[in-house]
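Any value given below was found using the heavy atoms of this structure, including those in side chains, with hydrogens, waters and symmetry copies removed. Order of the sequence lines fixes the chain letters, A, B, ..., with proteins taken first and strands second; residue numbering starts at 1 for each chain. Here the structure is a predicted model, which is why all the values come from computation and not from measurement.
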Amino acid sequence: MRSDDGAPTLDVAQLEAKWQARWADAKVFEAERKSDAPKLMITVAWPYPSGPMHVGHGRTYTIPDVIARFHRMEGKRVLFPMGWHLTGSPIVGATERIRKQDPAYVAMMRGLYAVSDQDLARMVDPVAFARYFTSESPLGYRKGMQGLGYSVDWRRECTSIDPHFSTLVRWQYRTLRAKGLVAPGSHPVKFCPAYSSSVTDHDLSEGEGASIQEFTLIHYTAGELHFPAATLRPETIFGATNLWLHPQAEYVEAEVTLHDGSRQRWVISADAAYRLSFQGYGVRELTRSTGAAYIGQMVQVPLCDRSVPILPATFVDVTHTSGVVASVPAHAPFDLIALQELQQAGAPPAGVDAAVLQALLPMPIVAINGDSSLTARTLTKMGITSQHQREALDEATHEVYKAEFAKGVMTVGFVRGQGVGAARDAVRQKLQASGHASRMWEFTLKPVIHRSGAPCVVGLVKDQWFLRYGDEAWTASVREHLHKVSLIPADTLTYYENVLEWLQDWPCTRAAAVGMGTMLPWDSRWLIESLSDSTIYMAYYTIAHRITQVDPKRIDDSFYEYLFYGTGDADALSVSMGVTPRDIEALRAEFEYWYPLDWRVSANELIPNHLTFMLYHHNALLPHKQPRGIANLGMGILEGAKMSSSKGNILPVSTAVTTYGADAVRLYLMNICEPWQDFDWRNRDCEIVRRQLDRFYAYVDGLPGRPPGRAEPHLDTWLRSRVAGHIAATREALEGFSTRKAVQHGFFYLANDLRWYERRGGDNRELLLSIAQLWVRLLCPIVPHLSEELWSRIGPPAAAMCSLSPYPHPPMDWASGSAETLEGLVEQLVEDIGQIYKVLKREHAPRVVLLCAPAWKRAVLRTIVDAKSKGPLEVGALMKSLMADQSLRAHGKDLQKWLPKIIEQVRTRDVATLELLLQTDEAALWRSALPFLQAEFADVFEVVGPDEGGDAGNKRGAASPGRPAIYVEGGVAT
RNA sequence: GCGGGGGUAGCCAAGCGGCCAAAGGCGACAGACUCAAGAUCUGUUCACGUUGGUGUUCGAGGGUUCAAAUCCCUUCCCCCGCACCA
């Protein structure tokens, strides 16, 4: 806290430490069940501690803390646990970089991450590394969370590699396997031959975003020799006129062992032979030559009773797929142009019969609306004349493929009449069934380069285990539950639904050699992958503090059957586990009490994986305890730039806390935008929030020392009503995770109203103190340290800690629509005078007179308001009926001018407000505000009531009820 | 390409049929306080205006409506996710 001159008068750090210690001593956040009390369990994705906790994490974890604190004050038993996710390879990768003394990484650790040489030396061990950033480092997660004052039950702290935790994961996977939801399979992945391991986009220096595409290899044969031509369009086989090989590139003849163990002799590019060897094919090179060696040879076309020649083409890319290409000139721009060039050349290439070459004609097999000339027309349209115009040809190819896929119909073969898409599947299936097709995978873009600099290939992982998220029955069941889940924000529902649509089986294992985690129970060569071991771990929190008393070796599946389902024999379990039957019952009671999870808090980017996985696993394993709500958070950037631990662009939480104070950081983070929106941390803005919080503290702290002041009925009623409204709005906001709205109402708007109250002359100390008692509790979930301190100073004697005191409700009878409407008239008046002053270019006047509207205007307003409830307001008709009134006719001219204006106002205001206006003694209202108005605007301020005479400055005609005419002395008289 | 989310005054950002020239914050300008600076408080901040008004504005174009930033259609632009990874 700083005083006016900026000198520190209050040690925020000391105050924070004091209350954090008191919370810990009083075990305020240790969640104990109480069978007759309502409960709330809220969890947030457990952090992966690969570096310091930065302010981005700070927001992620502060949001559930605020919600937890709110519900705790609501009288619920609240469990907000925390653990550490250590599964996976990045930490192991980091220790590797330390071991190898990667200069950039080591420099960052020593510098930005403030790791001592001594600590760094220990951190070559992944467990030591993780412990450093979870628990030891001042910049780490536990210190950061404690520094922000989180209401976590730290007794339940655990990690994903604890032996106790692994017993749960093993149970989970055995059970899923028994249900048929985990199954073996194989899958193509990005693979780094240099490291013999699959790699993710994260590990790449180039080719991020490349995906893997499956090609069909169609076997054209010459005797025993196979020419596997790669294609995405197997249906075009009917239009194949020849094969292309690159005449100068290297090809091999190889003995290839297929997936079923059979062997064939293939001709493929030398490069393809290398790449195929990672895709589950055994490849043994026999001979090597250039493509030219095969030019002119005839090969048999499968499914078609004909043979075609092999011709040379330089556009063939031997580093792509097999290096063997089937030519379909009628439907492939490359093929058409290459064939034309060849036929137009003076002499045929060596080995090719001129007659055979000239006889080759495009064979159309696909038509769009009866037309098969799209390829030729596209070439003409784009002015392509040579196979070297690669870019143009690529574009033409794309265009033709797309059009024919969308609208093309087959004109030949057994698929005649079918659409291209359907025909493609049918032809591929028939080729495979007859042994004329194989599969090969290729990247959609190249090159794909590992961080180490090694080029990657597509690799086929065999014996991989999959979670069967593609299973229709499972997915349908998840979808059904999804519609019962409270989602924040609500529009994430469509996102989840889309994920359920496209989510396929998920490989849930990784080679045990890389990373930490739980072994696959039935095959120790595999580790359960990190996203897959964290799907029901929230259930583990319910017992995490008690299960540690049991030797993990003595925990088997029957324990979890009992814990989750209550099946089995507790006495037998107590014997096998070496604890009392009461212990077993206590564990089960914990789970039964806390579960299901009320809120899961996580990031938007985890919807397509973790959050959906969580729903699947709960659905299969804990169908009686599925999650009730999921809140999704946006991501953060720092001063406009992406936050990245690896790039060093971070602000550690503990640094922010030291600089601004825990509560200022919390308040800033909760106010910056709503949780689900992306945010941008700005130091300057946080500093501004810090100052505003200082003012809040000084204001509340100063209240008891003020003179008593006096009650002012209208103003006090108005303030109570405003405060009641803000309390209601803040509560509602917190119910829905709208932390920003909560801060706006609970902090800023309320403060603005207090300022207005005092500006208006309000000084009722007792009222302000009673409001302050509500206010500090209202803000306690967001700024708990300052709230506790203030509560201890101004709260009722012997009150419970603020964190355990009831969250305020709007006090009964505080709401007063009429007081707010009346004060609204004063605000309107102030604005009107301000506008007039602006036009007059002045700030003060010797004399101002308010001229209230005469009584007849009130009568007219009465008539119009009555008319409003009967139907649409029409100026003409109203004028007619009003002029029928003798007493009004005297004001005919004024009425004619005024009526359209007042009707417009009646039209846009609700009846209750208008009624109030009609009942108000406005002269009394203005007179009660005279001291204020005089202080703000003029030396002398006068009011002329509705029934009084006088028209200073001849202004009175402008008056409406509730909006007096304003005469400013020194203004221009009209 | 597929899917999700956005474009609001100098900036951030609320609003999502009438009370909207549009909350709140920042920045800027002016005043009060101060020897001064900072902090704080007050006012102004689309244009015009010697009386509270008028005109134009919420990516662009069109439409529905007595009334549109808000609803519908078309169009342009930006961000995010698309998997074996935390």
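Each of G4(B), U51(B), G53(B) was ranked by its minimum atom distance to the side chain of Thr494(A); first place goes to G4(B). For Arg963(A), taking side-chain heavy atoms from C-beta onward, the closest of the listed nucleotides U51(B), G27(B), G53(B) is G53(B). Nearest nucleotide to the side chain of Arg695(A), out of A23(B), C41(B), G52(B): C41(B). Across U51(B), G24(B), G52(B), the shortest atom-to-atom separation from the side chain of Gln835(A) is found for G52(B). Comparing A39(B), C41(B), C12(B) by their closest approach to the side chain of Arg682(A) singles out C12(B). With G5(B), G25(B), C41(B) as the choices, the nucleotide that has an atom nearest any side-chain atom of Gln692(A) turns out to be G25(B). In the set A83(B), C26(B), G52(B), A83(B) carries the atom at the smallest distance from any side-chain atom of Leu503(A). Closest approach to the Tyr749(A) side chain among G5(B), G49(B), A23(B) is made by A23(B) (side chain taken as heavy atoms from C-beta onward).
Among the heavy atoms of the strands, none lies under 4.0 Å from Thr509(A). At the heavy-atom level, Ala45(A) lies nowhere under 4.0 Å from the strands shown. Among the heavy atoms of the strands lying under 4.0 Å from Lys838(A) is at least one base atom, whether or not backbone atoms are also near. Tyr495(A) comes within 4.0 angstrom of the backbone, heavy atoms only, and of no base. Counting non-hydrogen atoms under 4.0 angstrom, Leu606(A) reaches a base of the nucleic acid. Here Pro964(A) lies in heavy-atom contact (under 4.0 Å) with a base.
Taking OH of Tyr469(A) as the reference point, atom CG of Asn609(A) lies at 9.5 Å (rounded to 0.5 Å).
Below the 3.5 angstrom threshold, one finds no donor paired with an acceptor across the side chain of Asn498(A) and the base of G3(B).
Taking the six-membered ring where the residue is Trp, Trp46(A) and His85(A) present parallel rings, their angle staying beneath 30° rather than reaching 60°.
The six-membered or imidazole ring of Trp441(A) lies away from that of Phe278(A), with a centre-to-centre distance of 6.0 Å or more. Ring centroid separation for the pair Tyr668(A) and Tyr660(A) does not come in under the 6.0 Å cut-off.
Between Glu936(A) and Glu674(A), the residue anchored closer to the 5' end of RNA chain B is Glu674(A), taking for each the nucleotide with the nearest heavy atom.
Between A14(B) and Arg740(A), no contact under 4.0 Å exists linking OP1 or OP2 to a side-chain N or O.
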